[in-house]
Chemist: 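Quick one: the structure is below, and I'll ask about it shortly.
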Amino acid sequence: MPRAGLTTDRLVRAGAELADEVGFDQVTVSALARRFDVKVASLYSHLKNSQDLRTRIALLALEELADRAADALAGRAGKDALAAYADVLRDYARRHPGCYAAARLPLDPETAAASAGVRHAQMTRALLRGYDLAEPDQTHAVRLLGSVFHGYISLELAGGFSHSAPAPEETWTWVLDRLDALLRGAPAS
């Protein structure tokens, strides 16, 4: 019988909090059981194993990110949409580093197809409509944006830009300006 007060949703949300506190790679069913001061076995009525927990945290993070991105993109186009989307990713990563890492978890094809990751791809393509890119350029641009945003954010979270000038915020703005110019087909100045 499941322990009173413990639900799958509550456990996943607690796992997400734990990920933000100690890092996504440290999240296990055992660590979660310690958090609730229960035996590991009592969580198995809600979760299959640590991989199931990690997958559920990833799905939660993708959903949270997609909701925030959708709100930020509403009514925006071109550079405004590009910056809004990028800023949502960066802000989420800063506030929820463990969940941000979870959102990068490789998912099996069936799980990925049913996840909010599909919404992310749709939103990226929607923001690129303002740049009038035909295929295969649009797909190249989706991959470019993902690589630049996630690469920059990962390096920044690891402290890679904290030791020199200019400030990371200045570089972030510079990167967004250059991406906008590139996507418009204009020379970056």
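Positions are given from 1, in the same order as the sequence printed here.
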Chemist: Distance check, rounded to the nearest 0.5 Å: Thr111 atom OG1 versus Arg56 atom CZ?
Modeler: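 Those atoms lie 10.0 Å apart.
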Chemist: Do the side chains of Arg119 and Asp67 get close enough for a salt bridge, i.e. N-O under 4.0 angstrom?
Modeler: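 Between Asp67 and Arg119 there is a salt bridge, with a charged N closer than 4.0 Å to a carboxylate O.
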Chemist: Evaluate Lys79 against Asp177 for salt bridge (Lys or Arg N to Asp or Glu O under 4.0 Å), listing each step before the verdict.
Modeler: CA-CA 8 Å; Lys79 185 179 177 193; Asp177 288 344; 2.2 Å; yes
Chemist: Taking all atoms of both residues into account, what is the closest heavy-atom pair of Gly15 and Val27, and its distance?
Modeler: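 Nearest pair, atom of Gly15 first, then Val27: O-CG2, 3.9 Å.
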Chemist: For the atom pair CZ (Arg129) and CG (Leu127), what is the distance rounded to the nearest 0.5 Å?
Modeler: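 Result: 9.0 Å between the selected atoms.
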Chemist: May I ask you to check whether over 12 heavy atoms, not counting those of Glu110, lie within 6.0 Å of atom CD?
Modeler: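 Counting neighbours around CD of Glu110, 12 or fewer heavy atoms of other residues, nucleotides or ligands fall under 6.0 Å, so no.
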Chemist: With no hydrogens and no angle check, is any side-chain donor or acceptor of Thr28 less than 3.5 Å from a backbone partner on Ser50?
Modeler: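 Not at all, since once roles are kept as given, no pair shorter than 3.5 Å links the two residues.
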Chemist: Please tell me if the side chains of Val38 and Leu32 come closer than 4.5 Å, counting only heavy atoms from C-beta onward.
Modeler: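 They are not in contact (no side-chain heavy atoms under 4.5 Å apart), so the answer is no.
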Chemist: When you measure from the centre of the six-membered ring of Phe24, is the NZ or CZ of Arg54 under 6.0 Å away and within 45° of the axis?
Modeler: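 Geometry flag: set, cation within 6.0 Å and 45°.
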Chemist: For His120, does its backbone N or O pair with a side-chain atom of Thr124 as donor and acceptor, under 3.5 Å?
Modeler: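 Yes, Thr124 side chain to His120 backbone: donor-acceptor pair under 3.5 Å.
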Chemist: Identify whether Val118 and Leu89 are in the same connected component of the hydrophobic contact network (ILVMFWY, side-chain heavy atoms under 4.5 Å).
Modeler: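 No, Val118 and Leu89 fall in different hydrophobic clusters.
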Chemist: Taking all atoms of both residues into account, what is the closest heavy-atom pair of Leu145 and Leu179, and its distance?
Modeler: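 For Leu145 and Leu179, the tightest heavy-atom pair comes out as CD2-CD1, 3.9 Å.
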Chemist: Show the nearest heavy-atom pair for residues Ala93 and Leu157, with the distance to one decimal.
Modeler: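 Residues Ala93 and Leu157, closest heavy atoms: O-CD2, 3.7 Å.
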Chemist: Kindly give the heavy-atom pair with the smallest separation between Leu183 and Ala141, and that separation in Å.
Modeler: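 The answer is CD2-CB, 3.7 Å.
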Chemist: Judged by atom type as modelled, is there a donor-acceptor pair below 3.5 Å linking the side chain of Arg90 to the main-chain atoms of Ile153?
Modeler: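 Pair absent, no side-chain N/O of Arg90 close to backbone of Ile153.
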Chemist: If we only count heavy atoms from C-beta on, is the Val175 to Phe149 side-chain gap below 4.5 Å?
Modeler: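 Result no, sub-4.5 Å side-chain heavy-atom pair not found.
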Chemist: Within the 4.5 Å heavy-atom criterion, are Arg143 and Thr139 side-chain neighbours or not?
Modeler: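 With C-beta onward as the side chain, the pair touches.
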Chemist: Return yes if some donor-acceptor pair links the side-chain N/O of Tyr85 with the main-chain N/O of Ala72 below 3.5 Å, else return no.
Modeler: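 No, the answer is negative, given that no donor and acceptor are paired below the 3.5 Å cut-off.
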Chemist: At what distance, to the nearest 0.5 angstrom, does CG of Leu43 lie from CG of Asp52?
Modeler: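 It comes to 11.5 Å.
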Chemist: Is there a donor-acceptor contact under 3.5 Å from the side chain of Tyr92 to the main chain of Ala69?
Modeler: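 No; judged by distance alone, with no hydrogens or angles, the pair does not exist.
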Chemist: To check you understand the geometry: which heavy-atom pair defines the closest contact between Glu156 and Pro168, and what is its length?
Modeler: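 Looks like OE2-CB, 3.3 Å.
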Chemist: Let's go through Leu11 and Thr7 carefully: what are the C-alpha distance in whole Å and the side-chain angles of both, what is the deciding distance for side-chain contact (heavy atoms from CB on, under 4.5 Å) to 0.1 Å, and is it a yes or a no?
Modeler: CA-CA 6 Å; Leu11 292 170; Thr7 64; over 6 Å; no
Chemist: Could you walk me through whether Tyr44 and Lys39 pass side-chain contact (heavy atoms from CB on, under 4.5 Å), step by step?
Modeler: CA-CA 10 Å; Tyr44 287 129; Lys39 294 186 188 301; over 6 Å; no
Chemist: OG of Ser162 to CG of Leu155: how many Å apart, nearest 0.5 Å?
Modeler: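 Ser162 OG to Leu155 CG: 11.0 Å, rounded to 0.5 Å.
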Chemist: Find out whether Phe161 and Trp172 are in side-chain contact, i.e. whether some heavy atom of one side chain is under 4.5 Å from a heavy atom of the other.
Modeler: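 No; the side chains remain at least 4.5 Å from each other.
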Chemist: Given side chains that start at C-beta, do those of Pro166 and Thr171 come closer than 4.5 Å, heavy atoms only?
Modeler: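 A side-chain contact exists here, since the closest heavy-atom pair is under 4.5 Å.
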Chemist: Minimum heavy-atom separation for Leu59 and Ser115, please, with both atom names.
Modeler: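 Closest pair (atom of Leu59, atom of Ser115, distance): CD2-CB, 3.5 Å.
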Chemist: Within a 6.0 Å radius of atom CG on Asp91, are there more than 12 heavy atoms belonging to other residues, nucleotides or ligands?
Modeler: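 More than 12 within 6.0 Å, yes.
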Chemist: Ignoring hydrogens and angles, tell me if any N or O in the side chain of Ser154 forms a donor-acceptor pair with the backbone of Gly151 under 3.5 Å.
Modeler: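 Side chain of Ser154 to backbone of Gly151: no pair is present.
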Chemist: Would a distance-only check, ignoring hydrogens and angles, find a side-chain to backbone donor-acceptor pair under 3.5 Å from His96 to Asp20?
Modeler: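 No, His96 side chain to Asp20 backbone: no donor-acceptor pair under 3.5 Å.
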Chemist: Can you tell me how far CG of Leu6 sits from OG of Ser45, rounded to the nearest 0.5 angstrom?
Modeler: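 It comes to 8.0 Å.
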Chemist: Got a second to check how far Asp87's CG is from Arg94's CZ, nearest 0.5 Å?
Modeler: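 If I round to the nearest 0.5 Å, the distance is 9.0 Å.
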Chemist: With side chains defined as the heavy atoms from C-beta onward, is the minimum distance between Asp71 and Val88 less than 4.5 Å?
Modeler: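 No; the side chains remain at least 4.5 Å from each other.
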Chemist: Is a donor from one side chain sitting under 3.5 angstrom from an acceptor on the other, for Asp180 and Tyr131?
Modeler: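 Yes, side-chain donor-acceptor contact under 3.5 Å.
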Chemist: Mark yes when over 12 heavy atoms from residues, nucleotides or ligands other than Arg125 sit less than 6.0 Å from its CZ; otherwise mark no.
Modeler: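 Enclosed.
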Chemist: Side chains of Gln26 and Glu21, heavy atoms from C-beta outward: is any pair under 4.5 Å?
Modeler: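 Not in contact.
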Chemist: Could you give me the CA-CA distance, side-chain angles and deciding distance for Glu64 and Arg95, then say whether salt bridge (Lys or Arg N to Asp or Glu O under 4.0 Å) is met?
Modeler: CA-CA 12 Å; Glu64 288 177 347; Arg95 293 176 191 257; over 6 Å; no
Chemist: Please answer whether the main-chain N or O of Glu169 pairs with a side-chain N or O of Thr173 as donor and acceptor at a distance below 3.5 Å.
Modeler: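 Here the side-chain-to-backbone pair exists.
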